[in-house]
Amino acid sequence: MTSTLEPAAQASAAPYATHDVANQPPPLAPYDASEDPALLEGLRREGAGWAEDGIRRLGLRAGSAEAQEWGELANRHEPELRTHDRYGHRVDEVDFHPSWHELMRVAVAEGLAGAPWADDRPGAHVARTAGGLVWGHTEAGHGCPTSMTYAAVPALRRQPELAKVYEPLLTSREYDPGLRVPAGKRGLLAGMGMTEKQGGSDVRTNTTTAAPTAEPGVYTLRGHKWFTSAPMCDLFLVLAQAPGGLSCFLVPRILPDGTRNTFRIQRLKDKLGNRSNASSEPEFDGTVAWLVGPEGQGVKTIIEMVNCTRLDCVMASATLMRKTLVEAGHHVRHRSAFGARLIDQPLMRNVLADLALESEAATTLTLRLAGAADRAVRGDEGERAFRRIATAVGKYWVTKRGPAFTAEALECLGGNGYVEESGMPRHYREAPLLSIWEGSGNVNALDVLRALGREPGAADALFGELALARGADARLDAAVTRLKALLATGSPAGARRLVELMALTLQASLLVRHAPPAVADAFCATRLGGDWGHAFGTLPDGADLDAIVGRGLPGGV
């Protein structure tokens, strides 16, 4: 039968007849975010092998199509500030898309917030870090309130009577959103308000004041904060100038009598990335607060909190590396050009192998730091000293590598990676945050110098760790010798150079001891031996690319 349609009508009846879609990868999800030998080996090595089944289960959930969609929706539908209700009452609340609450509910239930502090099992803090490394494959923003809740517990313990009330709720595995009297909720989240406009990381310049009331330990605050993330949390640790100097205070959003504490949110930050998470500028005016720790010891009180959140910055950067590597590997495995799959192109395989090296080094260091944190909590003074310096070193270096890494992984997808639907632009925008949060590069590098000068055991702890690999690789031994010489002549102007070498020798030491020879050899040859270019994908001809890529990508090559 012949068609009676005019040619134009025939064309409109088959609108997609001009081409078929071919040579495009299928969706990545569902996938297993825990399929990473470096992660699982580190989990066992650092004392949390008992958590492996749970981590594998969480990895499957993180890589599910549902959870991946939650991450996308939480960033597409950003939080919105409501300063007043319909009647004109001040409420200062932040509304979130339901997907945010789904992500938070899983994170809290899986122990990624304060739960490890209520878990007596050795390795509990390692298990939490490993959980973050896999659940972070969904999206990064909701890691902010879980991180601060985790970090608030050891600081709050400086005031036992407050910890007795709030710690059981901060360590709960129940996510209970909404502003209500804290003691009546099933679980709490904590935030922190440290920095101000005039000082940023220089918190000693804070101008917010704390005036004592007639009730012992209770003060009223007046002032502002410049970058207070997660204003929907129940409690905040805040720095303010008390009569005795800079001090730490607990500020609940809702007071015990059910009234709203004064916490006026002026605006939410319009940020480069981390857009699913609300960051705010609050003002205090007669805000009721409880002293945490002695007056004048605010920085000392929060230092444990900083150690925790810096570890989470390292973890989040390592997670971004792994997530974008998995995305890049999936694309090149299914995309062909010039007659071959991209993954079979020698130069692309060099790029993937180089990225895999960086990712494994970051993940391995992250879990070593988590192991030190876990053992320090349990009273190991040697691990406490190692944690103090190595966490600052890792925070400086791993977070610095994140932006370059995510850019290279994005480039593996070509134009497909540059469009928002791929998710890669979101990861790229997220990467610089981790180097800024909890002290920029300069702040962390100078903090390492400060630790070396004020804490005699810090250098011994670092070199003791490096000595565990002595004799295993001549390039590593030579780098440690250079490090000792640089340390003897180090100056503030050279702090970045010093800390970079500390990080690379520490990563190399861990890989030499724990990674396959192909991985350790390539890392030492490039990062320490100088046989490397200035961009990813410049591994030397002798590197075993197949072995490195086969280990680094889910499903091998």
Is a donor on one side and an acceptor on the other found under 3.5 Å between the side chain of Lys269 and the backbone of Ser229?
no
Charged N to carboxylate O under 4.0 angstrom, Arg157 versus Glu304?
no
Report yes if the side chains of Arg56 and Leu40 come closer than 4.5 Å at any heavy-atom pair, otherwise no.
yes
Using side-chain heavy atoms (C-beta onward) and a distance below 4.5 Å, is Arg341 in contact with Met348?
no
If you look at every heavy atom in Ala353 and Ile548, which pair is closest and at what distance?
O-CG2, 3.5 Å
Can you tell me how the ring of His125 sits relative to the ring of Trp117, calling it parallel under 30°, perpendicular over 60° and tilted otherwise?
perpendicular
So Asn350 and Thr538, do their side chains get closer than 4.5 Å, heavy atoms only?
no
Separation between OG1 (Thr363) and CG (Leu39), nearest 0.5 Å, reads 7.0 Å
In sequence, state the C-alpha distance, the side-chain angles, and the governing distance for Trp437 and Asp312, and then conclude on side-chain hydrogen bond (donor to acceptor under 3.5 Å, both in side chains).
CA-CA 10 Å; Trp437 189 32; Asp312 279 5; over 6 Å; no
Distance, nearest 0.5 Å, that separates CG of Asp374 from OG1 of Thr129
9.0 Å
For a quick test of reading the model, state the closest non-hydrogen atom pair linking Ala107 to His142 and the distance between them.
CB-CD2, 4.0 Å
Pair Val203-Ile302, side chain to side chain contact (heavy atoms under 4.5 Å, CB included): steps then yes or no:
CA-CA 11 Å; Val203 294; Ile302 66 166; 5.6 Å; no
Can you tell me how far the CG atom of Leu498 sits from the OG1 atom of Thr489, to the nearest 0.5 Å?
9.0 Å
In terms of heavy-atom contacts, does OH of Tyr428 have more than 12 from other residues, nucleotides or ligands at under 6.0 Å?
no
Over 12 foreign heavy atoms within 6.0 Å of CD, Glu421
no
Can you list the residues that meet the side chain to side chain contact (heavy atoms under 4.5 Å, CB included) rule with Ala361, with sequence neighbours excluded?
Gln507, Leu511, Phe523
With no hydrogens and no angle check, is any side-chain donor or acceptor of Asp521 less than 3.5 Å from a backbone partner on Ala543?
no
Okay, side chain of Ser435, backbone of Ser440: is any donor-acceptor separation there less than 3.5 Å?
no
Heavy-atom pair of closest approach, residues Leu506 and Ala390
CD2-CB, 4.1 Å
Glu430/Lys271 ion pair, N-O < 4.0 Å
no
Output yes when a side-chain donor or acceptor of Arg128 lies under 3.5 Å from a complementary backbone atom of Leu112, and no otherwise.
yes
With Leu325, the side-chain contact (heavy atoms from CB on, under 4.5 Å) member among Thr406, Leu355, Leu320
Leu355
Under the criterion side-chain hydrogen bond (donor to acceptor under 3.5 Å, both in side chains), I'd like the reasoning laid out for Ser509 against Arg513: C-alpha separation, chi angles, the key distance, then a yes or no.
CA-CA 6 Å; Ser509 171; Arg513 287 148 51 200; 3.0 Å; yes
Side chains of Arg470 and Asp477: closer than 4.5 Å at any heavy-atom pair?
yes
Between the side chains of Asn416 and Arg335, does any donor sit under 3.5 Å from an acceptor?
no
In terms of side-chain geometry, is the basic nitrogen of Asp447 or Arg454 positioned less than 4.0 Å from the acidic oxygen of its partner?
no
Between the side chain of Lys395 and the main-chain N/O of Gly439, is any donor-acceptor distance below 3.5 Å?
yes
Charged N to carboxylate O below 4.0 Å: is that the case for Asp344 and Arg349?
yes
Glu420, CD atom: more than 12 neighbouring heavy atoms under 6.0 Å
yes
Counting only N and O atoms by type, is there a donor-acceptor contact under 3.5 Å from the side chain of His331 to the main-chain atoms of Glu327?
no
Just checking Arg482: does its CZ atom have more than 12 heavy atoms from other residues, nucleotides or ligands closer to it than 6.0 angstrom?
yes
Can you measure from CZ (Arg401) to OG (Ser359) and round to the nearest 0.5 angstrom?
12.0 Å
Pairs in or reaching into residues 353-410: which pass ring-ring contact (aromatic ring centres under 6.0 Å, His included), with residues at least two apart or in two chains?
Phe405-Phe536
Trace of the side chain to side chain contact (heavy atoms under 4.5 Å, CB included) decision for Val306 with Val299
CA-CA 10 Å; Val306 170; Val299 173; over 6 Å; no
Smallest heavy-atom separation, Leu476 atom then Ala469 atom, equals CD2-CB, 3.7 Å
Any side-chain heavy-atom pair from Leu367 and Leu133 closer than 4.5 angstrom?
yes
Between Glu66 and Arg61 (salt bridge meaning N to carboxylate O under 4.0 Å), is one present in this structure?
no
Can you find a pair of side-chain heavy atoms, one from Ile343 and one from Leu553, that are under 4.5 Å apart?
yes
Would you check if the side chain of Gln345 reaches a backbone N or O of Ala337 as a donor-acceptor pair within less than 3.5 Å?
yes
Between the side chain of Gln68 and the main-chain N/O of His137, is any donor-acceptor distance below 3.5 Å?
yes
Taking the basic N atoms (NZ, or NE/NH1/NH2) and the acidic carboxylate oxygens, is any pair closer than 4.0 Å for Arg57 and Asp53?
no
Which heavy atom of Gly131 sits nearest to which heavy atom of Ile55, and what is that distance?
N-CD1, 3.5 Å
Residues Arg496, Glu500: salt bridge by 4.0 Å N-O rule
no
Find the distance between OG1 (Thr146) and CG (Leu189) and round it off to the nearest 0.5 Å.
8.5 Å
Just how far is it from atom CG of Leu237 to atom CE of Met192, taken to the nearest 0.5 Å?
9.0 Å
So, does Arg378 use its side chain to make a donor-acceptor pair with the main chain of Asp120 at under 3.5 Å?
yes
Trace of the side chain to side chain contact (heavy atoms under 4.5 Å, CB included) decision for Thr319 with Trp135
CA-CA 9 Å; Thr319 303; Trp135 186 243; over 6 Å; no
When Leu60, Leu43, Val134 are each screened for side-chain contact (heavy atoms from CB on, under 4.5 Å) with Ser34, the one that passes is Val134
Tell me, do Met502 and Leu452 make a side-chain contact under 4.5 Å, heavy atoms counted?
yes
Nearest heavy atoms of Val398 and Ala318, plus distance in Å
CG1-N, 4.3 Å
Does any N or O in the side chain of His330 come within less than 3.5 Å of the main-chain N or O of Pro554, such that one atom is a donor and the other an acceptor?
no
Lys/Arg-Asp/Glu bridge criterion (N-O < 4.0 Å) met for Arg384, Glu455
no
I want to check something: taking the side chain as every heavy atom from C-beta on, are Arg45 and His514 in contact at a cut-off of under 4.5 Å?
yes
